[in-house]
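First the structure, in the form of structure tokens, and then the observations on it.
So you know, we letter chains A, B, ... as the sequences are listed, proteins then strands, and number each from 1. As the structure is a prediction and not an experimental result, all values here were calculated from the model.
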Amino acid sequence: MRLATWNVNSVRQRLQHLARFCTTAAPDVLCLQETKVRDADFPAHDLRDLGYVHQVVHGQKGYNGVAILSRIPFEGEGTETWCGRDDRRHAFVRLPGGIELHNFYVPSGGPVPDPERNEKFAHKLQFLTEMARWGRRGRTAGRRLVLMGDLNVAPLETDVWNHKKLLRSVGHTPVESEHLQRALGDSGLIDAARHFVPPGEHLYTWWGYRFPRSLEKNYGWRLDHVWVSAPLLPALHGFRVVKETRSWERPSDHVPVVIEVA
DNA sequence: ATGGCTCTAACATAGAGA
């Protein structure tokens, strides 16, 4: 079974790219973030035509929004809200074989990495704290679980193109990295990317629009993550960042991440 | 210290992304 995650930065703007990606990479299940559309306007038919007839859609007008698209029937599905808000940032399904798949979109955190001065940064830290608590509740022990999505934190030095330069930039501050690593550690989940790509090697999934020629200069960040539980690790056979989508015409700033689970 | 670019909502520009 092939699972993918992709922050598409508007599902309606990215339909051609989704068709191209799904035709070539052929994921069985695809987690989307930043769909930016209310459920009534979600392009369900276009995605059904690509073979993704099973869909969990959890969106809102203009911002946020997650969806899980699948060729494989779900055995269960749901959504959750976080930090006492109605933001659409989390959906999950149960797949055949008892695999629990969670799709997350963590808040970006605004421009200033100070929770006293920036409410969005405080919200981000609170979200990561709630994630750590959520993962701890015996949710992962002995279970076949995959957590994937745009977690909006690049926790390792090699997860950004210039560690020293970006230490005070939101997404790579020590407090965010600590929060993310705590959520990972407390959950007992394994960072699938770093299972395949050693921590000493640079690895990115996002190249910003605003920095001139960020892709050509490879000024990237690893913001999109896949975590798997220990019982699934023997079945985890492949990991790939599909960087080429970033050079397609009018791309998302994020690229897909794909794993294979036997 | 700031903005760079892209998208949405709604029709000119402002907010969000990270």
Side-chain angles (χ1 to χ4, degrees), chain A residues 5-18 32-43 57-67 82-83 85-90 104-115 117-128 131 149-180 202-225 241 245-257:
Chain A
T5 177
W6 194 5
N7 179 324
V8 285
N9 187 15
S10 170
V11 66
R12 289 176 293 181
Q13 287 293 323
R14 227 58 68 195
L15 281 173
Q16 295 297 325
H17 286 199
L18 279 161
L32 302 180
Q33 304 89 35
E34 280 206 90
T35 54
K36 294 189 174 180
V37 63
R38 67 174 76 106
D39 294 351
D41 298 326
F42 189 84
V57 178
H58 186 50
Q60 66 189 85
K61 184 164 74 172
Y63 307 109
N64 307 324
V66 290
W82 293 72
C83 303
R85 300 185 183 214
D86 193 30
D87 288 357
R88 306 302 171 90
R89 299 181 176 277
H90 179 203
F104 273 91
Y105 174 51
V106 172
S108 63
V112 180
D114 178 354
R117 293 166 55 211
N118 173 12
E119 186 277 331
K120 291 177 181 177
F121 195 76
H123 176 218
K124 183 178 194 174
L125 296 183
Q126 187 191 350
F127 195 104
L128 292 167
M131 268 182 82
D150 175 5
L151 305 187
N152 266 322
V153 181
L156 307 182
E157 293 187 13
T158 49
D159 290 336
V160 292
W161 61 276
N162 187 328
H163 166 63
K164 279 188 179 172
K165 186 184 178 68
L166 297 170
L167 263 173
R168 285 171 299 283
S169 296
V170 170
H172 190 61
T173 63
V175 66
E176 290 169 89
S177 297
E178 286 160 13
H179 274 67
L180 193 76
H202 284 263
L203 185 64
Y204 313 132
T205 66
W206 177 86
W207 291 262
Y209 293 127
R210 284 180 283 185
F211 207 109
R213 305 179 66 76
S214 67
L215 182 66
E216 290 82 349
K217 294 179 171 177
N218 204 21
Y219 288 172
W221 299 49
R222 184 170 72 104
L223 301 178
D224 302 275
H225 296 264
V241 176
T245 66
R246 189 61 179 81
S247 56
W248 295 351
E249 193 179 351
R250 297 184 74 78
S252 170
D253 42 357
H254 296 256
V255 302
V257 179

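B:dA10 and B:dG15 have their P atoms separated by 14 Å, with the value rounded to a whole Å. Nucleotides B:dA1 and B:dA12 are separated by 28 Å at their C1' atoms, to the nearest Å. Taking the P atoms as reference points, B:dA18 lies 14 Å from B:dC7, given to the whole Å. With both ends at atom P, the span from B:dT13 to B:dT2 equals 24 Å, rounded to whole Å. When the C1' atom is compared between B:dA16 and B:dG4, the two are found 15 Å apart, to the nearest whole Å.
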Can you give me every donor-acceptor pair (side chain of residues 160-171 of chain A, partner residue at least two apart or in another chain, under 3.5 Å) with its distance?
residue  : atom : partner  : partner atom : Å
A:Asn162 : OD1  : A:Lys164 : N            : 3.4
A:Asn162 : OD1  : A:Lys165 : N            : 3.0
A:His163 : ND1  : A:His172 : NE2          : 2.8

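Within the nucleic acid shown, A:Tyr105 comes within 4.0 Å of sugar-phosphate atoms alone, with no base atom in reach, counting heavy atoms only.
A salt bridge between A:Arg85 and A:Glu119 is present, with a side-chain N of the basic residue lying under 4.0 Å from a carboxylate O of the acidic one.
Considering only side-chain N and O atoms, A:His254 lies nowhere under 4.0 angstrom from the phosphate OP1 or OP2 of B:dG17. Taking only side-chain nitrogens and oxygens, A:Tyr204 never comes nearer than 4.0 Å to OP1 or OP2 of B:dA18.
A donor atom on one side chain and an acceptor atom on the other are found under 3.5 Å apart for A:Lys36 and A:Asn9.
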Worksheet item: Could you write nucleotides 5-16 of chain B as a row of B, S and -, 5' to 3', where a protein heavy atom under 4.0 Å of any base atom gives B, of only sugar-phosphate atoms gives S, and otherwise -?
Response: BSSSS------S
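The distance from atom NZ of A:Lys165 to atom P of B:dT2 is 15 Å, rounded to the nearest whole Å. As rounded to whole Å, 10 Å separates atom P of B:dG17 from atom CD of A:Glu119. Following rounding to the nearest Å, A:Arg168 (CZ) and B:dA1 (P) show an atom-to-atom distance of 10 Å.
Here the closest non-hydrogen pair linking A:Arg88 and A:Asn64 is O-CB, 3.6 Å.
Taking the six-membered ring where the residue is Trp, A:Trp82 and A:His90 present tilted rings, their angle falling between 30° and 60°.
Test A:His254, A:Gln33, A:His225 against A:Thr5 for side-chain hydrogen bond (donor to acceptor under 3.5 Å, both in side chains) and you get one pass: A:Gln33. With A:Arg222 as reference, A:Thr205 is the one residue of A:Val241, A:Val257, A:Val153, A:Thr205 to meet the side-chain contact (heavy atoms from CB on, under 4.5 Å) rule.
Between A:Pro212 and A:Gly110, the residue anchored nearer the 5' end of DNA chain B, judged by the nucleotide with its closest heavy atom, is A:Pro212.
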